[in-house]
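The structure appears right after this line, and notes come after that.
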Amino acid sequence: MWRPWDKVSAQPQWLNQNGAVKVSNRNIGFLICYETSLTWPVLHSVIDGADTLVSLSSTWWAPASVQRAQHQAVTSWANLFGLPLVEAHNQ
């Protein structure tokens with residue numbers, strides 16, 4: 001788990017890597033689980049030229065409200081930037 005205040009914490013990939021990944025002829029911005037609710041991962045993807053957002057999450061352990069919140073957040077981001085969205089959930 002990432003703990004920004006802890007020096008021995010895991011480091012999120014989006015702090016050190018590109019925000020968009022080239023797949024065929026698309027620039028994909030991948031958002032994993034809670035990243036759909038954070039500003040920086042989405043903006044980092046858009047700044048790096050993402051033309052599609054892909055949201056992946058495993059919410060089998062969480063109440064339905066968590067999946068709904070993630071869906072609403074990522075849908076709002078996609079609408080804000082006019083990007084197509086692909087979602088995958090493990091329930």
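Shortest non-hydrogen contact noted between V42 and E35 is CG2-O, 4.1 Å. Residues G29 and A50 approach most closely at N-CB, 3.8 Å, considering heavy atoms.
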Inset, instruction - Begin from the C-alpha positions of L43 and F81 and carry the test side-chain contact (heavy atoms from CB on, under 4.5 Å) through to its verdict. - result: CA-CA 10 Å; L43 292 180; F81 293 110; 3.7 Å; yes
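In terms of modelled atom types and a separation under 3.5 Å, the side chain of Q70 and the main chain of Q67 share no donor-acceptor contact. Listed for the W77 side chain is a donor-acceptor partner under 3.5 Å among the backbone atoms of T36. Not a single donor-acceptor pair under 3.5 Å links the side chain of N27 to the backbone N or O of D51.
Taking the salt bridge (Lys or Arg N to Asp or Glu O under 4.0 Å) definition, one finds that R68 meets it with nothing, sequence neighbours left out.
Defined by atom type and a distance below 3.5 Å, a donor-acceptor pair is present between the side-chain atoms of S57 and H89.
Between V86 and V54, some side-chain heavy-atom pair lies under the 4.5 Å cut-off. A heavy-atom distance below 4.5 Å is not found between the side chains of S37 and Q72. The shortest side-chain heavy-atom distance between T75 and L85 falls under the 4.5 Å cut-off. Two residues are said to be in side-chain contact when any heavy atoms from C-beta on lie closer than 4.5 Å; L83 and V46 meet this criterion.
Once rounded to the nearest 0.5 Å, the distance linking CH2 of W40 with CD1 of I47 reads 5.0 Å. Atom CG of residue L31 and atom CG of residue L53 lie 5.5 Å apart, to the nearest 0.5 angstrom.
Both V21 and L56 belong to a single network of hydrophobic side chains, linked directly or stepwise wherever heavy atoms of I, L, V, M, F, W or Y lie under 4.5 Å apart.
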